[in-house]
**Q** 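My questions all concern the structure below.
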Amino acid sequence: MEKANFVDYIRVFCKSGKGGAGSMHFMRTKFNAMAGPDGGDGGRGGHVILRGNAQLWTLLHLRWHKNLLAEDGENGSGDNCTGRFGKDIIIEVPLGTTAKDEETGRVEAEILHDGQEIIWIPGGQGGRGNAYFKSATNQTPEYAQPGMPGQEGWKVVELKVLADVGLVGFPNAGKSTLLSTITAAKPKVADYAFTTLTPQLGMVEYRDNKSFCIADLPGIIEGAHEGKGLGHRFLRHIERNAVLLFLIPADSADHRKEFDVLVNELEQYNPELLDKQFLLAISKSDMLDDELKAAISAELPKDVPHVFISSVTQQGLTELKDILWQALTDKDNQITTADTVSAE
């Protein structure tokens, strides 16, 4: 389900229901032809509601439902009968979904919890019947309110993957291999660039039955924020990650430069991403000896903890899990350079 079935951006037309009109009606009985007003209120128009569903992971199901139209409320009637409310439209979405107005770009709703419901587009209020306006000085009101119109417009539904850790790196840095090694996920692994075309999620099992979620994000290249490579389409998923793990292969020509390019792409996309906790892993390090590890460590940024790993030989993976778990559980989300782990 990697290519066509991962949908994280959908444009839909939404319309909430119109409220029913209030009734202008007078009660007539066998013995009293003018028994007084008894017009009921109109029913409320249907809402458009967003509901979180932890079992969903894409917006694929909305691809075939581009027009989301809630039902109108029914008109009120005599004998103080209120019109039936319009049927709501409930849209189930994966956790991490935001809903925006296409014209203004304003975020109107955000779903973060399973079962969470938000009235995205409220239905129109039903009008009051003439019985509502009856008073001591106005015993025969000959008017009622019309129903309020619903709201409509083109909207954008956007998914940002919820994961504790996000893997950031150039194509062929070993992100998919690492994910397949420390989780049960089975991303596509090959020796050419951009094997991962959509975000891949996996659960990492830790000590004492603890676990955390890690996401393999499609490869970033220099100029991604300008649309190069896969562009910045998937950079938005990084906004949800608590910790960013930068993966740089041991055979890179310049490890520090590669790290700086990745950080610059994140900054160009959203400067707030620089406030996240950064960790660094040197992949494919089974080809390195102690001297080369020391040389690489010297060129890496001092304020970013790093670890040498190899997904093939399992080298450093336990230490990597430890440093990730520490970053996720640290209240201040800070790790000092003293906590840097270099697996021998």
Side-chain angles (χ1 to χ4, degrees), residues 165-179 181-182 187 189-197 214-232 234-235 237-238 241 243-313 315-317 319-320 323-324 327 335-344:
V165 179
L167 292 177
V168 181
F170 285 139
N172 276 9
K175 302 188 300 300
S176 296
T177 304
L178 175 62
L179 185 71
T181 302
I182 63 177
V189 178
D191 59 355
Y192 56 86
F194 299 114
T195 54
T196 301
L197 298 177
I214 189 168
D216 172 19
L217 304 171
I220 301 173
I221 66 171
E222 189 170 8
H225 70 280
E226 298 174 344
K228 295 182 180 179
L230 294 179
H232 56 71
F234 297 111
L235 285 175
H237 296 291
I238 297 176
N241 306 143
V243 175
L244 298 182
L245 175 62
F246 291 79
L247 213 62
I248 298 177
D251 55 0
S252 172
D254 191 330
H255 301 84
R256 178 57 185 266
K257 180 181 179 181
E258 192 164 319
F259 174 78
D260 290 341
V261 169
L262 291 170
V263 172
N264 180 64
E265 290 303 318
L266 299 185
E267 182 180 15
Q268 294 298 323
Y269 174 72
N270 184 355
E272 294 182 3
L273 294 178
L274 300 186
D275 296 330
K276 293 184 179 293
Q277 173 67 55
F278 289 175
L279 301 176
L280 205 161
I282 305 299
S283 63
K284 309 176 184 179
S285 60
D286 51 298
M287 64 178 68
L288 302 176
D289 56 23
D290 292 342
E291 184 177 351
L292 287 174
K293 289 180 181 179
I296 293 174
S297 296
E299 66 181 69
L300 296 178
K302 303 302 181 182
D303 57 341
V304 178
H306 66 269
V307 57
F308 289 92
I309 66 170
S310 171
S311 300
V312 175
T313 65
Q315 174 187 343
L317 296 187
E319 291 81 359
L320 176 63
I323 200 172
L324 288 173
I335 296 181
T336 63
T337 53
D339 295 317
T340 296
V341 180
S342 178
E344 298 299 327

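Small disclaimer: the values here were computed from a predicted structure and weren't measured. For reference, positions follow the sequence shown, starting with 1.
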**Q** Hey, mind stepping through V307 and L279 against side chain to side chain contact (heavy atoms under 4.5 Å, CB included) and telling me if it holds?
**A** CA-CA 8 Å; V307 57; L279 301 176; over 6 Å; no

**Q** Rounded to the nearest 0.5 Å, how far apart are CD1 of I282 and CG of L292?
**A** 12.0 Å

**Q** What distance do S285 atom OG and K293 atom NZ have between them, rounded to the nearest 0.5 Å?
**A** 5.5 Å

**Q** Restricting to side chain to side chain donor-acceptor pair (under 3.5 Å), what partner residues turn up for S310, sequence neighbours left out?
**A** D286, T313

**Q** Going by side-chain contact (heavy atoms from CB on, under 4.5 Å), V263 matches just one of L244, L273, L274. Which one?
**A** L274

**Q** To the nearest 0.5 angstrom, please state how far the CD1 atom of I182 sits from the OG atom of S311.
**A** 7.5 Å

**Q** Would you indicate whether the side-chain heavy atoms of S283 and L178 approach each other to under 4.5 Å?
**A** no

**Q** Drop me the distance from E299's CD to R256's CZ, to the nearest 0.5 angstrom.
**A** 9.0 Å

**Q** Tell me whether K276 contacts the main-chain N or O of N241 through its side chain, where contact means a donor paired with an acceptor under 3.5 Å.
**A** yes

**Q** Using only atom types and a distance under 3.5 Å, with no angle test, would you say the side chain of K175 pairs donor to acceptor with the backbone of F170?
**A** yes

**Q** Can you tell if the side chain of P249 reaches within under 4.5 Å of the side chain of E258, non-hydrogen atoms only?
**A** yes

**Q** Measuring from L262:CG to L280:CG, what's the distance to the nearest 0.5 Å?
**A** 9.0 Å

**Q** Can you tell me how far the CD1 atom of I214 sits from the CG atom of L167, to the nearest 0.5 Å?
**A** 4.0 Å

**Q** May I have all residue pairs that pass ring-ring contact (aromatic ring centres under 6.0 Å, His included) and include part of residues 275-294, sequence neighbours excluded?
**A** F246-F278

**Q** List the atom of K302, the atom of S297, and the distance in Å for their closest heavy-atom pair.
**A** NZ-O, 3.9 Å

**Q** Could you go through the side chain to side chain contact (heavy atoms under 4.5 Å, CB included) check for I248 and I296 one step at a time?
**A** CA-CA 11 Å; I248 298 177; I296 293 174; over 6 Å; no

